[in-house]
Amino acid sequence: MADGPVGPGANVDETGVRCRFAPAPTGYLHVGGARTALYSWLFARHNRGTFVLRVEDTDQRRSTEEAIDILKRSLRWLGLDWDEGPDVGGPYGPYIQSERMKGIVAIAEGFLADGRAYRCYCTPGELEDRRRDALSRGETPGYDGRCRHLTDTERAEFGRQGRSFAVRFAMPGHDITVHDVIRGDTTFPADDLKDFVILRSDGSPTYLLAAAVDDVAMRMTHVIRGVDLLPSTPRQVEMMQALGADPPLYAHLPLIVGPDHQPLSKRFGSVAVEAFREQGYLPEAMVNYLGLLGWSFDATTTFFTLQEMIEHFDLARVSKSPAAFDPQKLAWMNGHYIREASDERLASLITEVADEEGFRVDPAVVTEAVPLVKERMRTVAEGLAMLRFLFVDDLEPDEKARKMLGPDRAGLLREAAERLRSVDPWTHEAIQSTLTEIKEEFGLSSKNAFQPIRAAITGALVSPPLFESMELLGKERSLARLEAAAAGAAAGGLDQGSKSEIDDEGGPPAG
RNA sequence: GGUCCCAUCGUCUAGGGGCCUAGGACACCACCCUCUCAAGGUGGAGACACGGGUUCGAAUCCCGUUGGGACUACCA
């Protein structure tokens, strides 16, 4: 009794492959959605087909104009363009679902007229009560179809009582097999395919109806979406067939989960694409990482440009099991792309991030500093943090730096300030040779000689290369910091009063 | 509870009966490099969930168990 699978027969005709990304504009584009969009886009581009962006805003209460803008911005940032959709139009619009409302409602009314749908007068309260009862009796909950065969007089009676009604689609009562490019065939038992609401009692269409109608109207040949929508597929396919349309070919993507294998949530930091952009992740890293979360080309290729992904993308190689989002790997990959990026681009990115934080930097200095931080930053925000000391004079040394600036460092620091004063071309080479001389005269290891100076200059024990940093900072500011540190150290190493431990951790093993 | 989906190192994955003493990448450890931190280099530890089959031969095929997850809305 089962229908034939929704087979590869699908309606790919002279229009070629057509697929879409259809988000609900209720917030930000998060990484799961971004990956769905990416795969859909890759599939379309690989097949020289058409990629459509459709905004599913049937739930007017949760949809906002701002969310639509963020969605578009995030998609563009990732490099995913659409051939049809908001802003660009196309032959099968409108691409904002709410603008097709009348047409969608008309189709529901057509189903009503054909007997494929019926009015259901059950109230949400009644439905909820029955659901709870069924559950408590250990039965399978779900609409029992009681309004399916109401007589005209019964309907009239409900109407007289002032009851409103929702419209339900009448399922055929047989099993339905759905074909999925990634998962093969899945059969849903008739008993679990309950009649579902297509028009709410306020007359608005539900997602199930709207998406199905839109997919038919927009001539979609392939629908690539998350597995969470797999159970809705038999219902949508049934409606499409009732419409006399060939359903598209479906591909349900595995979920992206968090490090704990639970659904991705904010607990693990940002999940919004926009937030990654703000922190200074590069779109090429984002797209490369997301592309490999659930898809692979071969055993070893790790880096892909969008073009290379288009070339190799294949739905048949998409994984069936959920993938855990790993922020560390993303950061590593971002570092890789940062190292590949031009200094100019990084400089302007760092300046941008600084601007967004309301932190004033000198773009010229940033440009010169980029080579110093390029290979040690994994995000633009990290790079900016490493350059902070160049733009802030009232540095607050961190705890480790303070310990490095104890009383016993005063001499070294004062000596450095004095000797450096006569360095004329203020170059990192000259700075280095001067400091090296001091180090040798003091009989110190590099670490013991330079770490206090680093602490004085940058306020931290971890920084970009010291000599280059000092060159960039400039002679006067460098000397001022050394003198201030020397004075502070002599004054007793601050509150601690302690003899700053020679942070010579490790030290020569044999004493 | 019911239906459905999924199951290789901690993580992302390669693998589609013999090429697997299971390969790569992130993370981790050690060493090298080194003014700190990175980057880079070298090496190391680390997985086929379990149990039955099928087969000369199973990570690969089948069944079951276990474990995860999705759905079960007048949300999408």
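Chain identifiers are assigned alphabetically (A, B, ...) following the order of the sequence lines, protein sequences preceding nucleic acid strands; residue numbering begins at 1 within each chain.
- Picking from rG24(B), rC71(B), rA76(B) the nucleotide with the shortest atom distance to the side chain of A24(A) gives rA76(B).
- Shown here is R155(A), whose CZ atom has more than 12 heavy atoms of other residues, nucleotides or ligands within 6.0 Å.
- If you take atom P in rA73(B) and the same atom in rA27(B), they sit 44 Å apart, rounded to whole Å.
- Using a 4.0 Å heavy-atom cutoff across all strands shown, T58(A) reaches sugar-phosphate atoms only and no base atom.
- Residues forming a salt bridge (Lys or Arg N to Asp or Glu O under 4.0 Å) with D133(A) (at least two apart in sequence, or on another chain): none.
- Side-chain proximity of P141(A) to rG68(B), rC74(B), rG1(B): nearest is rG1(B).
- The aromatic rings of F304(A) and H312(A) sit perpendicular, their planes meeting at an angle over 60°, well past the 30° parallel limit.
- The aromatic rings of F169(A) and F111(A) lie perpendicular to each other, with more than 60° between the two planes, well past the 30° mark.
- Figure legend. rA70(B) is base-paired to rU3(B); pairs are counted as Watson-Crick or G-U wobble with both atom distances under 3.5 Å.
- Partner assigned to rA25(B) is rU11(B), using Watson-Crick or G-U wobble distances below 3.5 angstrom.
- Scored by the ring-ring contact (aromatic ring centres under 6.0 Å, His included) test, F389(A) finds no partners at all (sequence neighbours excluded).
- Residues forming a salt bridge (Lys or Arg N to Asp or Glu O under 4.0 Å) with K194(A) (at least two apart in sequence, or on another chain): none.
- Taking atom CZ of R183(A) as the reference point, atom C1' of rG69(B) lies 11 Å away to the nearest angstrom.
- Of all nucleotides present, none satisfies the Watson-Crick or G-U wobble test against rG16(B) with each distance under 3.5 Å.
- Atoms CG (D192(A)) and C1' (rC71(B)) sit 10 Å apart, rounded to a whole Å.
- Base pairing of rG40(B): its partner is rC32(B), meeting the Watson-Crick or G-U wobble criterion (both donor-acceptor distances under 3.5 Å).
- Spacing between rA59(B) and rG17(B) at atom P, rounded to whole Å, works out to 13 Å.
- A gap of 31 Å separates the C1' atoms of rG52(B) and rC71(B), to the nearest Å.
- Counting any heavy atom pair closer than 4.0 Å across all strands shown, P189(A) reaches sugar-phosphate atoms only and no base atom.
- With salt bridges taken as basic N to acidic carboxylate O contacts below 4.0 Å, none links R146(A) and E126(A).
- Nucleotides rG23(B) and rA47(B), compared at atom P, are 11 Å apart to the nearest Å.
- Taking the P atom of each, rU60(B) and rU36(B) are spaced 50 Å apart, rounded to whole Å.
- Across all strands shown, rA45(B) has no partner, as no Watson-Crick or G-U wobble contact with both distances under 3.5 Å is found.
- When each of T302(A) and P124(A) is assigned the nucleotide of RNA chain B bearing its nearest heavy atom, the one mapping closer to the 5' terminus is T302(A).
- Taking atom NZ of K194(A) as the reference point, atom P of rC71(B) lies 19 Å away to the nearest angstrom.
- Formation of a donor-acceptor pair under 3.5 Å by the N334(A) side chain with backbone atoms of E284(A) is not found in this model.
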Item to check | Per-nucleotide protein contact string for nucleotides 11-19 of chain B (B base, S sugar-phosphate only, - none; heavy atom under 4.0 Å) | outcome: SBSSS----
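- Taking the C1' atoms as reference points, rA58(B) lies 11 Å from rC48(B), given to the whole Å.
- Spacing between rA45(B) and rC37(B) at atom C1', rounded to whole Å, works out to 25 Å.
- Counting to the nearest Å, the C1' atom of rG24(B) and the CE atom of M333(A) are 12 Å from each other.
- Both tests hold for R35(A) against Y39(A): distance to the six-membered ring centre under 6.0 Å, angle to the ring axis within 45°.
- Below the 3.5 angstrom threshold, one finds no donor paired with an acceptor across the side chain of T206(A) and the base of rC74(B).
- For rC50(B), the paired base is rG64(B) (Watson-Crick or G-U wobble, both distances below 3.5 Å).
- For rC63(B) and rC5(B), the P atoms lie 12 Å apart once the distance is rounded to whole Å.
- Distance, D191(A) CG to rC4(B) P: 11 Å, rounded to whole Å.
- Side-chain atoms of R20(A) never come within 3.5 Å of backbone atoms of V52(A) as a donor-acceptor pair (strictly under, hydrogens ignored).
- With sequence neighbours left out, E468(A) forms a salt bridge (Lys or Arg N to Asp or Glu O under 4.0 Å) with no residue at all.
- L199(A) comes within contact range of no nucleotide atom at all, as no heavy-atom separation falls under 4.0 Å.
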Report, one pair per line, the protein and nucleotides 34-40 of chain B atoms (nitrogen or oxygen only) whose separation is under 3.5 Å.
residue : atom : partner : partner atom : Å
rC35(B) : O2'  : R454(A) : NH2          : 3.2
rC35(B) : O2   : R454(A) : NH2          : 2.6
rC35(B) : N3   : L466(A) : N            : 3.3
rC35(B) : N4   : E468(A) : OE1          : 3.4
rU36(B) : O4'  : Q451(A) : OE1          : 3.3
rU36(B) : O2'  : L461(A) : O            : 2.8
rU36(B) : N1   : R454(A) : NH2          : 3.2
rU36(B) : O2   : S463(A) : N            : 2.7
rU36(B) : O2   : S463(A) : O            : 3.0
rU36(B) : N3   : R454(A) : NH1          : 3.4
rU36(B) : N3   : S463(A) : O            : 2.6
rU36(B) : O4   : R376(A) : NH1          : 3.4
rU36(B) : O4   : P465(A) : N            : 3.4
rC37(B) : O2   : R376(A) : NH1          : 2.9
rC37(B) : N3   : R376(A) : NH1          : 2.1
rC37(B) : N4   : R376(A) : NH1          : 3.3
rA38(B) : O2'  : E375(A) : O            : 2.8
rA38(B) : N1   : E375(A) : OE2          : 3.0
rA38(B) : N3   : E375(A) : OE2          : 3.4
rA39(B) : O4'  : E375(A) : O            : 3.1
rA39(B) : O3'  : R339(A) : NH1          : 3.4

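- Atom-to-atom, CG of D228(A) to P of rC5(B) comes out at 16 Å; the value is rounded to the nearest Å.
- We find that CG of L253(A) is positioned 14 Å from C1' of rC5(B), with the value rounded to whole Å.
- Among all heavy-atom pairs drawn from P205(A) and L199(A), the shortest one is CA-CD1, 3.7 Å.
- Nearer the 5' end of RNA chain B, as judged by each residue's closest nucleotide, is the contact made by K320(A), out of K320(A) and V197(A).
- Per the geometry, NE2 belonging to H179(A) stands 14 Å off P belonging to rC5(B), to the nearest Å.
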